[in-house]
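Written out below as structure tokens is the structure these notes cover.
Atoms within a ligand are numbered from 1 in the order they appear, just like the ligands themselves.
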Amino acid sequence: MGRLEGKVAIITGSASGMGKAQMELFAREGAKVVGGDISEGAGAEVAQNIGGAAAFLKHDVTSEESWKHIVEFTTKTFGAPTVLSNTAGLPPDPVLIEDISVEVFERLYKVNQFGVFLGMKSVIPSMKAAGGGAIVNISSAAALKGATGYSAYAAAKSAIRSLSRNGAVELGPFGIRVNTIFPGAIKTPMVDEVQMKTVNEFMVPLIHLRRMGEADEIASVALFLVSDDSSYVTAAEIPVDGGFVA
Ligand SMILES: NC(=O)c1ccc[n+]([C@@H]2O[C@H](COP(=O)([O-])OP(=O)(O)OC[C@H]3O[C@@H](n4cnc5c(N)ncnc54)[C@H](O)[C@@H]3O)[C@@H](O)[C@H]2O)c1
């Protein structure tokens, strides 16, 4: 029997990288999974390749209407969601604080922070009605360690930490757990060839395990956090970064 048998999950950013890896792993472990992403073609393909346990809906995490729609779609297709993985995100746009445009700051805030808030807000009623649930929020090692040019991205990702902690306090009495993963440098389409070269040259020597991580290595920790294996774990903050921030 799979570790997520009987669970219904919504995974944002499902078209690529860590979201795609969670779609595949959660479905293999017995969950019914609904992926949401602004990238329609790739998102549909991920769900199609998984088969009957998966569905896809074009979804924008920054829109409350879009969240309402994906919760309704999930409930109609597989049942009320009891798992949420807030994974969608935009990459950092490395510029110094004095050069960050208001537009760039707002865009990163809107997707990387506000989108997580809306996701939590939208699934809480069905999780409460179901008598419990598990939310995993994907932050970043950038929220734990300062770096030049990462301010806007790191500020948004740091706020996820607070949302998770406060959510864990409020939702614990309802059997809803909220945990945070802080990925380090992970090989996904978010990290382009130029960034990959910089990461390998400057960051990898500072990573205890001396390598970048894989999307599957994030998915397996997310699986633990949304499964009953972690039934007494909430408000946990887990860096999955090969030891980078330690
Ligand atoms: N790759 C890394 O090294 C790394 C490190 C730390 C944290 N992260 C975080 O991990 C998460 C997953 O990143 P990834 O590396 O898999 O990246 P990715 O680019 O492969 O996937 C991100 C997905 O989010 C989707 N997305 C973007 N804006 C959206 C929106 N408004 N609504 C819905 N979907 C949207 C994209 O279309 C894409 O499919 C992100 O939150 C990212 O910030 C990544």
Side-chain angles (χ1 to χ4, degrees), residues 10-25 34-47 56-67 69-70 84-94 104 106-119 122 136-145 147 150 152-161 163-164 180-200 202-204 207 209 211-219 221-222 237-242 244-245:
I10 295 178
I11 299 168
T12 69
S14 69
S16 175
M18 299 174 202
K20 174 173 182 273
Q22 289 172 83
M23 287 286 287
E24 292 164 352
L25 182 60
V34 170
D37 205 296
I38 45 167
S39 177
E40 205 170 359
E45 198 180 321
V46 169
F56 173 77
L57 191 70
K58 187 175 184 200
H59 171 58
D60 180 353
V61 295
T62 67
S63 154
E64 192 168 17
E65 195 51 37
S66 189
W67 271 107
H69 194 194
I70 200 168
L84 170 66
S85 173
N86 277 313
T87 303
L90 292 177
D93 191 355
V104 164
E106 281 180 350
R107 196 172 61 233
L108 281 166
Y109 151 78
K110 223 33 210 302
V111 176
N112 291 4
Q113 175 191 341
F114 183 67
V116 172
F117 151 70
L118 279 183
S122 306
V136 62
N137 291 329
I138 305 294
S139 176
S140 167
L144 303 174
K145 195 177 169 83
Y150 274 65
Y153 179 81
K157 289 293 188 181
S158 298
I160 293 178
R161 191 181 191 185
L163 277 169
S164 297
T180 314
I181 292 176
F182 299 82
I186 311 297
K187 274 186 237 161
T188 70
M190 184 174 278
V191 185
D192 65 24
E193 252 176 63
V194 178
Q195 290 167 320
M196 193 82 84
K197 201 165 167 288
T198 312
V199 169
N200 277 316
F202 298 106
M203 202 169 155
V204 168
I207 297 173
L209 295 178
R211 64 173 177 86
M212 290 182 74
E214 304 288 339
D216 289 345
E217 293 176 295
I218 301 296
V221 178
E237 302 182 339
I238 309 188
V240 184
D241 64 347
F244 177 64
V245 300

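Using modelled atom types and a 3.5 Å distance limit, the side chains of Ser66 and Asp60 yield no donor-acceptor pair. Between the side chains of Glu237 and Thr180, not a single donor N or O lies within less than 3.5 Å of an accepting N or O.
For Tyr109, the ring pair (Phe, Tyr, Trp, His ring centres under 6.0 Å) criterion is met by no residue, not counting sequence neighbours. Take Glu217 and apply the side-chain hydrogen bond (donor to acceptor under 3.5 Å, both in side chains) test, not counting sequence neighbours, and it matches Arg211.
Taking CD1 of Ile160 as the start and CG of Asn137 as the end, the distance is 6.0 Å to the nearest 0.5 Å.
Protein residues are said to neighbour a ligand when one of their heavy atoms lies under 4.0 Å from it; for ligand 1 these are Gly13, Ala15, Ser16, Gly17, Met18, Asp37, Ile38, Ser39, His59, Asp60, Val61, Thr87, Ala88, Gly89, Leu90, Val111, Ile138, Ser139, Ser140, Tyr153, Lys157, Pro183, Gly184, Ala185, Ile186, Thr188, Pro189, Met190, Val191.
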Listing, residues 34-42 side-chain donor-acceptor contacts under 3.5 Å, not counting sequence neighbours, or none:
unit_1: Asp37; atom_1: OD1; unit_2: Ser39; atom_2: N; d: 2.8
unit_1: Asp37; atom_1: OD2; unit_2: Ser14; atom_2: N; d: 3.2
unit_1: Asp37; atom_1: OD2; unit_2: Ala15; atom_2: N; d: 3.0

